[in-house]
Structure formats: structure tokens, C-alpha cells
A.B. asks: 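The structure follows.
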Amino acid sequence: QVQLVESGGGLVQAGGSLRLACATSGRIFSISTMGWYRQAPGKQRELVATITSGNVTIYADSVKGRFTISRDNAKNTVYLQMNSLKPEDTAVYYCNTNVRYRWSNMDYWGQGTQVTVSS
């Protein structure tokens, strides 16, 4: 019923940039917070950035100043502009969308997109 499709991952050299996108579709009443998480092999999934419906953003300290999260509510899409990429940013990036229904909220996850940053 609800599907998140991610795009934009790939291989990039250190110092380069990538732009991730995640489009949410399906039976949606409204979308509250959207965010990006990442998980490196053998490590716990961590929050990268979130953005509320009012465009209030939160960033992990490790990406602050380099990454920018944004959203297009008309397209139900959240973006992550990643600049000055470092090898430490290498991970699978997952999009998360909190969908609000009449009496409940549900979290949905994208399939993940791999970001690899070479030295």
C-alpha cells in the first residue's frame, strides 16, 4: 500500500557529491517526518538527518555542514544532498517516511541505496 523508492546512490571519490531521492507513494493520508538513515557493514543503523512537515531539520554531527535534507511535499519526496563526501560516509542509506493516518502513524522504509566513497 505504501512504497518508498530510493535513487541516487553510487560510487564517488572523496570530496565529491551525491544527491539521494526517496519518493513515497501509495495510500497516504499525510506525511509527517521524513528522514535518512545509514548503516555500514557491521555497524548499527544511525540517523543521518530528518525533516518535519514544517521543514525543521536535524542532522547528525558527523554530517552537519556537508549534507542537506529537503522535501517536496507535492511529490512526497525527500532528498539528501551530500557534499564533501568522506570514506566514512560509505554505507547503505535508507529512507524513512512516517505516514499519518486518521488514528495512527506508520513508519515505512525504502529499499536502501548504496553509497561508496573512495579515498
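Values below: every heavy atom of this structure, side chains too, minus hydrogens, waters and symmetry copies. From a predicted model like this one, the values you see are computed outputs, not experimental measurements. Position 1 is the first residue of the sequence; numbering continues from there.
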A.B. asks: Working note: Val48 + Phe67, criterion side chain to side chain contact (heavy atoms under 4.5 Å, CB included); need CA distance, chi angles, decisive distance, verdict.
C.D. replies: CA-CA 9 Å; Val48 177; Phe67 291 9; 3.7 Å; yes
A.B. asks: Which heavy atom of Asn55 sits nearest a heavy atom of Ile51, and at what distance?
C.D. replies: OD1-CD1, 3.5 Å
A.B. asks: Is there a donor in the side chain of Ser32 and an acceptor in the side chain of Asn98, or the other way round, less than 3.5 Å apart?
C.D. replies: yes
A.B. asks: Just checking, any donor-acceptor pair under 3.5 angstrom between side chains of Thr33 and Thr52?
C.D. replies: no
A.B. asks: Determine yes or no for a side-chain-to-main-chain donor-acceptor pair under 3.5 angstrom, with Ser104 supplying the side chain and Tyr101 the backbone.
C.D. replies: no
A.B. asks: What closest approach, in Å, do Tyr94 and Glu6 show between heavy atoms, and which atom pair accounts for it?
C.D. replies: CA-OE2, 3.3 Å
A.B. asks: Please report the closest heavy-atom contact between Gln111 and Val5, naming both atoms and the distance.
C.D. replies: OE1-CA, 3.8 Å
A.B. asks: Applying a strict under-4.5 Å side-chain criterion to I, L, V, M, F, W and Y, I'd like to know whether Tyr79 and Tyr93 cluster together.
C.D. replies: no
A.B. asks: Quick one: do Leu11 and Leu85 end up in the same hydrophobic cluster if we chain Ile, Leu, Val, Met, Phe, Trp and Tyr together by side-chain heavy atoms under 4.5 Å apart?
C.D. replies: no
A.B. asks: Quick one: pull up CZ in Arg38 and CE in Met82 and give me the separation to the nearest 0.5 Å.
C.D. replies: 9.0 Å
A.B. asks: Could you tell me the separation between the OG atom of Ser17 and the CD atom of Gln81, rounded to the nearest 0.5 Å?
C.D. replies: 5.5 Å
A.B. asks: To which residues is Val56 joined in a hydrophobic cluster, defined by side-chain heavy-atom contacts under 4.5 Å among Ile, Leu, Val, Met, Phe, Trp and Tyr, whether direct or through other members?
C.D. replies: none
A.B. asks: Report yes or no: does Thr90 contribute a side-chain atom to a donor-acceptor pair with the main-chain N or O of Val117 at less than 3.5 Å?
C.D. replies: yes
A.B. asks: Run the salt-bridge test on Lys64 and Asp61 with the 4.0 Å N-O cut-off and return the result as yes or no.
C.D. replies: yes
A.B. asks: Using the rule that two of Ile, Leu, Val, Met, Phe, Trp, Tyr join whenever any of their side-chain heavy atoms come within less than 4.5 Å, decide whether Val78 and Val92 are in one cluster.
C.D. replies: no
A.B. asks: Identify, with sequence neighbours excluded, every residue that meets salt bridge (charged side-chain N to carboxylate O under 4.0 Å, His left out) alongside Arg19.
C.D. replies: none
A.B. asks: Measuring from atom OG1 of Thr24 to atom CG of Leu4, what distance do you get when rounded to the nearest 0.5 angstrom?
C.D. replies: 3.5 Å
A.B. asks: Which one of Leu20, Leu18, Thr113 satisfies the side-chain contact (heavy atoms from CB on, under 4.5 Å) criterion with Leu80?
C.D. replies: Leu20
A.B. asks: With side-chain hydrogen bond (donor to acceptor under 3.5 Å, both in side chains) as the test, would you mind laying out the steps for Arg66 and Asn83 before giving the verdict?
C.D. replies: CA-CA 5 Å; Arg66 300 187 297 118; Asn83 297 326; over 6 Å; no
A.B. asks: Quick one: OG on Ser25 to CG on Asn76, what's the gap to the nearest 0.5 Å?
C.D. replies: 8.5 Å
A.B. asks: Looking at every non-hydrogen atom in both residues, tell me the closest pair between Ala40 and Ala91 and how far apart they are.
C.D. replies: N-CB, 3.9 Å
A.B. asks: Enter the distance from Ile58:CD1 to Ile69:CD1 here, rounded to the nearest 0.5 Å.
C.D. replies: 10.0 Å
A.B. asks: Out of curiosity, Arg71 CZ to Met34 CE, how far, rounded to the nearest 0.5 Å?
C.D. replies: 5.5 Å
A.B. asks: Locate the shortest heavy-atom distance separating Thr68 from Tyr59; write the atom from each residue and the value.
C.D. replies: CA-OH, 3.3 Å
A.B. asks: Apply side chain to side chain contact (heavy atoms under 4.5 Å, CB included) to residues Asn96 and Trp36 and explain how you reach the verdict.
C.D. replies: CA-CA 6 Å; Asn96 173 269; Trp36 290 94; over 6 Å; no
A.B. asks: I'd like to check the ring pair (Phe, Tyr, Trp, His ring centres under 6.0 Å) partners of Tyr37; sequence neighbours left out, ordered by chain and number.
C.D. replies: Trp109
A.B. asks: Of the non-hydrogen atoms in Thr97 and Cys95, which two are nearest, and what is the gap between them?
C.D. replies: OG1-SG, 4.1 Å
